[in-house]
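Some notes on the structure that comes next.
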Amino acid sequence: MSEIKRFLLKRLLALIPVLLGVSVVTFALINLTPGDPAEIAIRASGVQPTSEAVEAMRQKLGLEGPVYRQYIRWLWKVIHLDLGQSFNSGLPVAQELLLRFPATLRLALCALAFTAVIALPLGIFAAIYPGSPIDHISRVCALLGSSMPGFWLGLLLIYALAVRLKLFPVVGMGGIKHLVLPAFTLGFGLAAPYIRLLKTSMLEVLQKDFINTARAKGLRERLVIARHALKNALLPAVTLLGMNFGGLLSGSFIVETIFSWPGIGKYAVDAIFLKDYTVIQGYVLLMAVIFVLVNLLVDLCYVFLDPRIRLS
Amino acid sequence: MKLIETIGLSKCYNEDSPASHRIYAVSDVNLTILKGETLGLVGESGCGKSTLSRMILRLEKITSGQVLFKGEDITGYRYGHMRRLRKDIQIIFQNSGSSFNPHFTVEQIITEPLANYKKMSRTAYREQVVQVLEKVGLDEEYAFRYPSQLSGGQRQRVGIARALVLNPEFVVCDEPVSSLDFTIRGQVLRLLGNLKSQLGLTYLFISHDLSAVKRMCDRIAVMYMGSIVEVIPREAVESGKARHPYTVALLSAALTTDPRKRREKKVLLKGELERGTASDGCLFNNRCLYAEPVCKTAKPALKFVDDHHQVACHLFRGMQGKGCRLQGPDPSAGQSA
């Protein structure tokens, strides 16, 4: 167990340079894009900006002085767990992000559930019965899922199921019914790579010698598939899952925007339009932490799933 | 008593092709394995040894022919029906590195076939595992390891333990020592020999290591391009009574530690192995140094030389072994020419 502790500690320490790097790059990129946030903030309040007003606003937002000073000031606050206030709303960024994160998390988990329900049976049965109808269905689904952009599928679903058939609400967040369309839109697109991955890895595992061994043991075919083939075939999917789950947690800009889902993806998009520096910085920092943690989780999963992998 | 019998067993991988293009991995094999004996199966890589053994175990689809187990035709048995027989028919796989599920500990590997046939308490399973591990010379502590944490020789022992835990009657040893280094080979072969006499097993012993086969087997079946060309008792091999030119060539290719014998080596084959050439004649005719016109036109049948010795060759005419004009590498065989 101490092995695991040491591993965790090492990985968490590695988080520090990652976060520093990510924040430096975002800070630089934001400052390289045109547009003055102080000016935008004044315009947003409906006042014609004068140079004195802009200067005053800069002071207020902490944007005076050279960029590296601004960065250090920002970093100093972050070390004290203060992500600053939103230029736009004046509320603390951390609070705003935390407020929106549950919505994104709920959508992400639901989308993953859809992905699993679609991809697992299609991928597995397509490999067990190649050339069968289910194999063809899986191929069509994989093709559609990867070639249909989310915004298009989302709009189609809204039109067909919400507007015409009135089965689901059009947009917004509420009960379970509100969740179905955006989660399916996300989940269906996500399922495509998993269908293909599961099918190929299943086909590969079924060729392995130990499947022959399992059959020679006289196991029922069902057990051969479930106990010996599937468990091994799921490993590559876990890797992909780690990457996708990180992405899902950072919020889907497009789907959240289309369905007016009040998650952090939509919040980040709005912040980018308003050049809300502190929000963008805070968001990117949160995403970096989430990605690193999810990947850490996946690595830990590996150790439990595959005894050949040792922590090192 | 005949434990296993195959009648005209054939395997074709491109069944859908027109008859002239079909390639047979195994063609028309008639083989009998008696209870309690060890039948060796030798031949070059790719000659169909493993395919034949897998067909006997029904792990490979049979194109045509029959497999009889204790006189019972098991060719048409469905998966579920075959399942009940599997505890009597086991296999030790060639590559112990890949023939175990990497997620299973040794204990799970050995318990799984047991649990498949007998319901017992956990401790009873554990006892059986420890017992069988002891039989193959592994300590109890190995039960908790994963295959990747074992050496090649240890893994092969686990493979043997796994095959024997159900007390089978018939075990196919598919090149059980070919993946092991030389020092371990002897140990594992000795182990297999001991277990056979202890448990009264019958082996089909597949190998291309002739010294191992000579050591282990009562009779040896020689395979060439999917056909059995000779079935020969071990004593006949040792006294240089191999009849088929291919067998003679194969035996002469075996390494020997005697330098005098080493000098006598000569080339007994010409050309290279050509696959996919369907011919009406003897499959070996294009490489045989003694080929006659008849060899190109007619396929020789497997004929009895004496009670336990069969050979498929046109050149062998006399029933007393005097008609054979072949020169063997062994001087004593040469005298009979």
Top contributor to chain A interface from [options] [non-hydrogen pairs under 4.5 Å]:
options: Arg86(B), Lys87(B), Gln94(B), Arg83(B); answer: Arg83(B)
options: Ser148(B), Gly159(B), Pro113(B); answer: Pro113(B)
options: Leu57(B), Asn101(B), Leu114(B); answer: Asn101(B)
options: Ala115(B), Ser99(B), Pro147(B), Ala163(B); answer: Ser99(B)

Against chain A, label [X] side chain, backbone, both or neither, depending on which of its atoms sit under 4.5 Å from a heavy atom there.
X: Arg84(B); value: neither
X: Asn116(B); value: side chain
X: Arg58(B); value: neither
X: Ile91(B); value: side chain
X: Ile109(B); value: both

Would you give the length of the straight line joining atom CG of Asn14(B) to atom CD1 of Ile23(B), rounded to the nearest 0.5 angstrom? 5.0 Å

With rounding to the nearest 0.5 angstrom, report the NZ to OH distance, Lys118(B) to Tyr125(B). 9.5 Å

Do Phe100(B) and Phe210(A) have their ring centres less than 6.0 Å from each other? no

If you take the centroid of each ring, where Trp contributes its six-membered ring, are His228(A) and Phe104(B) closer together than 6.0 Å? yes

Electrostatic pair [X]-[Y], nearest N-O below 4.0 angstrom:
X: Arg162(B); Y: Glu112(B); result: no
X: Asp181(B); Y: Arg185(B); result: no
X: Asp174(B); Y: Lys49(B); result: no

Just give me the residue among Ala229(A), Ala214(A), Ala216(A) that pairs up with chain B most often, heavy atom to heavy atom, under 4.5 Å. Ala216(A)

